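Working notes, structure below.
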Amino acid sequence: MTLTSCALAWGSGQYNWCSKAAGSVGLRIDEAFTAFAAAVNPNNPSHPLAVLKNHNSATGTTSFGYVWQLGHPSVPIVLGFWNTTLAQGNSSSSASATLRLALQSAYTADSGNAGFGTFASTILAGSRGLTHYTPAAGATPVIANLAGWLGIAFDDTPGAEWFLWAHGPNYTDLYTANFVGLLLRTENGWAPCLYRGSAYLGLSQTWDRYMLLNGTLTLMAFPSTPTGLIQQVRNGLYLVPNNGFLATGTYLVNGISQRPRFPDCLYAGNNQISTPARLLAKAHLPAGGGGARFYQLGGSSSSAIDFWYREEGTPQLLSGWGSWESVPFTLYNPAVDSTPMAFCEVPAPATFTCRPAALGDYLNEWGPSVMGLPGVEQHPLWSTQATGGGGSVRPGSGILWPRGTR
Amino acid sequence: MVATVSHFSRRGDAVPYPLPTVLNQVQAELESWVATVNSQNPGQLLTIFKKPADDAVNHGWTIKARLLAETSPGVKAELLSQWVMVPATGNITNAVGRASDHNPAGGNGVHGSLSAGTINAATAAYTITQPLPIGAVTARSTAAGQEYFLFSLMQHTYTNRMGLPIFIAKDANSGNWVIGTISMAGYAALAAWNGLLGNYVYAKTNDPWWPDYLSGFAPYLFRANAAMQFLTPAFNPVVGPLARYGPVTLPNDLGVWPSTARAFGVWLAPGQKWHLAMGPSGLLVQIPAPMP
């Protein structure tokens, strides 16, 4: 097992998504993904990763991105992401960059879509990724004079491989947007999860079904941040399928829920602050925290979910890359940022099962209070009391009423 | 594994009112369980400091748990948990904290009081004068490393009339005891030793377990085993503004479920695994399958 964790930072005017220049952000993502694919493909002959398109594929001046193959023995998937215009929005619905997930059989790697190929159909197409900074809704997008960053991390442990990539312009206000992507190797194949602001997008395969996340659903349940904390983030995260996107019948009552688990170095939680002061942040934990370094990935405004990445020790760097520390994140300063923040570790559960509805089905789940007498009669404990146990019982003979001693 | 379950529920029309009898029955079981687990855990003994029969006015328990963890070299950490009910008023006080913050003469009858920790002051949360039935179940295990003792009490199905007067369980991560109570009003007072932090942590007041379901969205997810989440650092004065909380994992028999029918609701998981809801906060315990 090798963990590779490294980053790059671009100074003012140097960060440009729409550039094919050597060392530009798009080609650096390509470089990192290629390195990840080379590391994991030998252990995944039936699930090979490959770059189908990258920034160099762009034939126009406004479309830049990538198309990756996520191999699978029967249903290989294609993940495509590129912007179509330079007019980026500032929300998940106004972004013009589109993310596409499709069966590879529906994809033709031709010159369509400004060089990124043609999709006969998609499993999912959503405007969820942002590549450029837009100062405010409706305002002119800024292309020049941006500073920005790119962080990547990947683990090639067989069977538990993952690839994380996050990039964006440096935060300057609430409308700054960034992009976080995670690719997980599950027992059924590759599961991508993509995040921007408070919008999620993802795909996982469970048995023979696709399960999708869209931008309307939280990734998982997050309890409200305790009073007095600026943020409480947790690890032990999973991709949770979105019921609204599912074909009917995907959930079996009492089915065992199979959920792709995020690596433990990823944390998420509600953000309680609406100023950008704590965006592009990092935190160095004192000795009690194991000396870990935390970096904020999916910065967003108040009441949305933030992602944080934990790095420990001295990780391996890709050649020519710097450390995450080389990115000018704002260091959380306990003396100034007096509002506390908690990084919580949540252990892996032994089992998940699920039910599809809010209320009990009264077959596998019931409370005596909602089921009344039938609930009591089915109850493993109270049923014994109804027929013996702790109270008076129906007499075996004689009159029923008035009853004798109680 | 499944819990060993005892069922002490009573009709409410008995005279005299049967609550003290029920509490004493639970106490007898608790004593027996404590004796067994203490023999298995000589390095972290449990002590029943006060029991229901010790005070005719202030019913309840004050329990001390010595931990394996040390607060300083040679000094074992000690936690103290209280659940005290005054039937005359229906008031319940529940609290957890360091044993060193316990003042035996601080009130609550013979039970005394804690000066720090998570303290839920006396709240009217029991209707002792009404002839209502009492739901009372204990669930316990003495399996080494997976020990727990739970006592769930319910007066009726309102969410403020079901509680967890006794919660003692072993943290699978650190091997230390987790101890506490949940009042009939749903206020948790739970404490654990957090190995990563090297300090005590207290459970959040009304969400003591990490949820692993989507609030408001299907599917609703059951998780075994349960894990605890923690309170604000304001209650952990030694912890700085940046804190990394290690996991506290409860025994395998315990799970979490966003059930709409809380205490004593039943959930039949795949594989004929029967679970019983204990207390008001969605904690489930695996129980033996009922006889057909």
Side-chain angles (χ1 to χ4, degrees), chain A residues 217-218 220-221 223 226-229 234 236 240 242-243 251 254-257 283 285-286 288-290 292 332 334 337-347 349-360 364-370 378-385 389-391 406, chain B residues 5 7-11 13-14 137 157 172-173 196-199 204 207 210-215 217-225 227 229-234 239-247 249 252 255 259-262 264-270 274 276-277 287-290:
Chain A
L217 183 66
T218 53
M220 286 187 62
T227 305
L229 283 177
R234 59 168 289 182
V240 181
N242 176 5
N243 190 53
Y251 281 110
N254 259 351
I256 303 283
S257 179
L285 270 290
Y332 178 97
D337 305 310
S338 56
T339 316
M341 177 162 180
F343 298 91
C344 301
E345 296 186 14
V346 180
T351 322
F352 283 122
T353 53
C354 61
R355 67 177 171 192
L359 291 170
N364 297 289
E365 184 202 3
W366 68 90
S369 56
V370 287
Q378 294 177 75
H379 197 285
L381 300 177
W382 288 2
S383 60
T384 62
Q385 195 161 44
R406 293 193 293 182
Chain B
V5 177
H7 190 208
F8 296 124
S9 298
R10 285 289 182 277
R11 291 164 49 140
D13 54 356
V137 174
T157 56
N173 292 285
L196 189 56
L197 216 55
N199 207 332
K204 202 171 168 236
D207 288 321
W210 281 109
D212 272 303
Y213 48 87
L214 296 172
S215 180
F217 290 89
Y220 295 81
L221 297 159
F222 164 79
R223 173 199 167 107
N225 37 17
Q229 70 161 310
F230 301 106
L231 191 63
T232 83
V239 178
L242 277 179
R244 185 177 168 197
Y245 293 78
T249 311
N252 291 328
S259 174
T260 48
R262 289 296 171 90
F264 306 139
V266 173
W267 159 245
L268 178 55
W274 290 75
L276 185 70
I287 60 172

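None of the values given here were measured: they were computed from a predicted structure. Proteins come first, then strands; the chains are lettered A, B, ... in the order of their sequence lines, and each starts at number 1.
- Rounded to the nearest 0.5 Å, atoms CG (A:Leu381) and CZ (B:Phe8) are 11.5 Å apart.
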task = Show the numbers, then the answer: is there a side-chain contact (heavy atoms from CB on, under 4.5 Å) between B:Leu276 and A:His379?
result = CA-CA 9 Å; B:Leu276 185 70; A:His379 197 285; 3.5 Å; yes
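- Between B:Pro247 and A:Val346, the closest side-chain pair of non-hydrogen atoms is not below 4.5 Å.
- By the side-chain hydrogen bond (donor to acceptor under 3.5 Å, both in side chains) test, B:Asn225 pairs with B:Asn252, sequence neighbours left out.
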task = Determine, stepwise, if the pair A:Glu345 / B:Asn173 fulfils side-chain contact (heavy atoms from CB on, under 4.5 Å).
result = CA-CA 11 Å; A:Glu345 296 186 14; B:Asn173 292 285; over 6 Å; no
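- Residues B:Arg223 and A:Pro347 approach most closely at NH2-O, 2.5 Å, considering heavy atoms.
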